[in-house]
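Counting from 1, the numbers follow the sequence of the chain as shown.
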Amino acid sequence: MNKKNVLINASAAKCGGALTILNLFCRSKSSDEFNFYFIISPVKPSFLPKHSKWIKLSTSGVYTTIFSLLVVNFYYFIYKCDKVISFSNLNSVLPLKERVTYFHNILICDSPAIKYKLIRFVHKYLNQKTCMYIFQTDFVYQRFLAVFLKVDFFKIAWPGLELDLSGVSKISDDGAQVKGHMKKYYVVPIVNLDNLHKNFKMIVSIASQLVESKHIEFRVTAKSIVFPGLPHNIKFIGPLTREDFLNEVANSSGVLNVSTNETLCLPIFESICLNKPAFVLNADFLSGLYSHFPEINGLYVFNDVTSACCLLESFNMDSNIYSKQIYIDGYWDI
């Protein structure tokens with residue numbers, strides 16, 4: 001086995017799922033005694049491989065595509081790399097020795113946004129077919145096949161969770177008493193309210209129906225906005241650090257996800273692994289989760305606003321242990 005210099009392209013991994021995926025990969029290589037990793041990213045990973053060099057660089061929008069196709073080759077050759085792993089959903093246009101593309105954005109398959117149309121064009125016509133593709137679930141792979149030509153090499157690999165609980169302090173299992181009722185609050189992991197697939201309007205509808213239930217609150221991980229007629233039981237707590245987010249979930253009544261289109265939605269499993277329920281709108285991406293884990297204790301599915309309200313209002317925490325090590329462990333032999 002020959003030593004390899006591996007270039008990691010994560011130039012757009014500023015926050016959210018993209019940064020989580022980068023951190024999970026780097027953690028998996030933290031004890032690699034053999035290979036050397038050159039990591040391009042805007043944020044320094046929380047774990048670094050034992051032999052590595054971090055290169056601070058940030059891209060966004062169309063420049064991420066240009067960087068991944070063309071500019072990344074400069075770093076590949078200057079550092080005499082043998083392999084490039086791209087976390088930007090597309091890869092170098094050149095036929096390099098080894099190209100691995102980690103595909104983790106389902107919106108690329110069907111979103112009408114210009115940037116996603118551009119990425120679809122790249123996958124179809126700019127020398128991407130012979131890359132090794134990594135898909136997180138069979139659902140994502142099948143959606144990819146429905147849009148693009150069949151790829152020559154691929155793996156389906158569960159990423160696991162970035163779940164450092166050392167900074168999590170659980171205040172109480174019971175919550176606060178509010179006028180004789182148990183105080184419930186649900187964490188809504190939406191950072192950008194402009195992302196239509198995050199379906200914030202459904203959160204507003206659910207909160208409006210439950211506004212008279214003085215003991216229920218919805219805490220959204222987005223910046224506060226001026227929204228006429230916004231129910232007072234919606235609170236904006238802003239984008240959170242990993243530690244603050246895990247603390248928020250650990251002391252909540254669970255996570256509420258109403259997205260219509262997701263790749264994985266890792267907060268579902270972060271909640272479950274903190275032994276808090278995850279309440280999730282019945283959307284197509286759930287089939288990918290169940291293909292990995294046929295039974296997911298702690299995941300409660302609803303179909304519409306009415307069924308969501310009934311579930312959230314009547315749900316009582318039990319003593320079940322939802323967490324399983326299989327959710328935390330990921331496959332990163334890529």
Side-chain angles (χ1 to χ4, degrees), residues 6-13 16-22 24-25 40 59-73 76 81 83-160 195-198 259-266 283-292 330-334:
V6 183
L7 181 64
I8 307 300
N9 173 20
S11 65
L19 181 57
T20 297
I21 292 299
L22 174 63
L24 287 167
F25 172 83
I40 300 173
T59 65
S60 58
V62 174
Y63 185 56
T64 296
T65 301
I66 296 171
F67 181 87
S68 299
L69 290 173
L70 299 172
V71 182
V72 74
N73 298 305
Y76 181 89
C81 292
K83 182 176 186 176
V84 57
I85 300 177
S86 176
F87 290 100
S88 295
N89 296 293
L90 40 79
N91 217 310
S92 168
V93 72
L94 299 182
L96 305 175
K97 291 180 184 178
E98 288 188 68
R99 293 177 298 158
V100 178
T101 302
Y102 197 92
F103 190 87
H104 60 95
N105 190 341
I106 196 71
L107 295 179
I108 290 169
C109 292
D110 50 27
S111 172
I114 296 296
K115 64 177 180 179
Y116 294 127
K117 287 182 177 180
L118 174 60
I119 296 174
R120 286 199 289 274
F121 176 87
V122 170
H123 279 288
K124 288 180 178 180
Y125 303 112
L126 296 185
N127 193 26
Q128 303 293 302
K129 187 174 183 291
T130 56
C131 295
M132 165 64 78
Y133 278 85
I134 308 298
F135 303 101
Q136 294 171 326
T137 70
D138 185 65
F139 168 75
V140 178
Y141 172 56
Q142 295 299 332
R143 288 292 302 117
F144 187 91
L145 284 186
V147 177
F148 306 107
L149 294 175
K150 184 177 181 181
V151 294
D152 294 334
F153 312 101
F154 74 94
K155 291 181 181 178
I156 296 174
W158 180 254
N195 289 337
L196 297 181
H197 70 284
K198 293 295 184 180
S259 296
T260 57
N261 201 6
E262 290 281 355
T263 307
L264 284 183
C265 193
L266 287 177
D284 290 343
F285 78 93
L286 287 176
S287 67
L289 305 185
Y290 285 117
S291 69
H292 267 283
Y331 179 87
W332 287 104
D333 186 14
I334 62 174

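- Listed by first and then second residue, the salt bridge (charged side-chain N to carboxylate O under 4.0 Å, His left out) pairs that reach into residues 84-95 come to none, sequence neighbours excluded.
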Mind listing the side-chain donor-acceptor pairs of residues 144-160 below 3.5 Å, one per line with the distance, residues two or more places apart or on another chain?
unit_1 : atom_1 : unit_2 : atom_2 : d
D152   : OD1    : K129   : NZ     : 2.8
K155   : NZ     : D333   : O      : 3.0
W158   : NE1    : Y327   : O      : 3.0

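- With rounding to the nearest 0.5 Å, the separation of CG in N261 from CG in N195 is 11.0 Å.
- Nearest approach of F285 to C265, heavy atoms of both residues: CE1-CB, 4.1 Å.
- Within the 4.5 Å cutoff, the side chain of T59 has no heavy atoms near those of the I66 side chain.
- S92 places a side-chain N or O within 3.5 Å of a backbone atom of L94 that can act as its donor or acceptor partner.
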Legend entry - Stepwise side-chain contact (heavy atoms from CB on, under 4.5 Å) check, F25 with I21: CA-CA 6 Å; F25 172 83; I21 292 299; 5.7 Å; no
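- In this structure, CZ in F139 is found 12.5 Å from NE2 in H292, a value given to the nearest 0.5 Å.
- Atom CG of D138 and atom OG of S287 lie 8.0 Å apart (nearest 0.5 Å).
- Between the R99 side chain and the Q128 main chain, no donor and acceptor come within less than 3.5 Å of each other.
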Inset, instruction - Using the side-chain contact (heavy atoms from CB on, under 4.5 Å) rule, take D284 and R143 through it: C-alpha gap first, then chi angles, then the decisive distance, then the call. - result: CA-CA 10 Å; D284 290 343; R143 288 292 302 117; over 6 Å; no
Legend entry - CA sep, side-chain torsions, deciding dist, call: Y76, K97, side-chain contact (heavy atoms from CB on, under 4.5 Å): CA-CA 11 Å; Y76 181 89; K97 291 180 184 178; 3.8 Å; yes
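- The two residues S259 and K198 have their closest heavy-atom pair at OG-CD, 3.5 Å.
- Considering OG1 of T137 and CG of L289, their distance stands at 7.0 Å, rounded to 0.5 Å.
- Across all non-hydrogen atoms, the minimal contact from R120 to L107 is NH1-O, 4.1 Å.
- The two residues C131 and N91 come nearest to each other via the heavy atoms SG-CB, 3.8 Å.
- Shortest non-hydrogen contact noted between N127 and V93 is ND2-O, 2.8 Å.
- Distance alone, capped at 3.5 Å, is enough to place a donor-acceptor pair between the T263 side chain and the I106 backbone.
- You'll find the side chain of T64 stays beyond 4.5 Å of the side chain of F67, heavy atoms only.
- Considering only heavy atoms from C-beta on, M132 stays 4.5 Å or farther from I334 through its side chain.
- Proximity of P95 to T130: side-chain heavy atoms (C-beta onward) are nowhere separated by under 4.5 Å.
- Of the inter-residue distances, the one linking F87 atom CZ with F103 atom CZ reads 14.5 Å to the nearest 0.5 angstrom.
- The distance from atom NZ of K115 to atom CD1 of I108, rounded to the nearest 0.5 Å, is 9.0 Å.
- Under the 30°/60° scheme for interplanar angles, the aromatic rings of H104 and Y102 are found to be tilted.
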Inset, instruction - Go through I8 and L22 one step at a time and tell me if the side-chain contact (heavy atoms from CB on, under 4.5 Å) criterion holds. - result: CA-CA 9 Å; I8 307 300; L22 174 63; 4.0 Å; yes
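- No donor-acceptor pair under 3.5 Å is formed between the side chain of H123 and the backbone N or O of C109.
- For Y116, the side chain to side chain donor-acceptor pair (under 3.5 Å) test picks out N105, with sequence neighbours left out.
- Between N73 and L96 there is a side-chain heavy-atom pair separated by less than 4.5 Å.
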Inset, instruction - Before giving the answer on side-chain hydrogen bond (donor to acceptor under 3.5 Å, both in side chains), spell out for N9 and S68 the whole-Å C-alpha distance, their side-chain angles and the decisive distance to 0.1 Å. - result: CA-CA 7 Å; N9 173 20; S68 299; 3.1 Å; yes
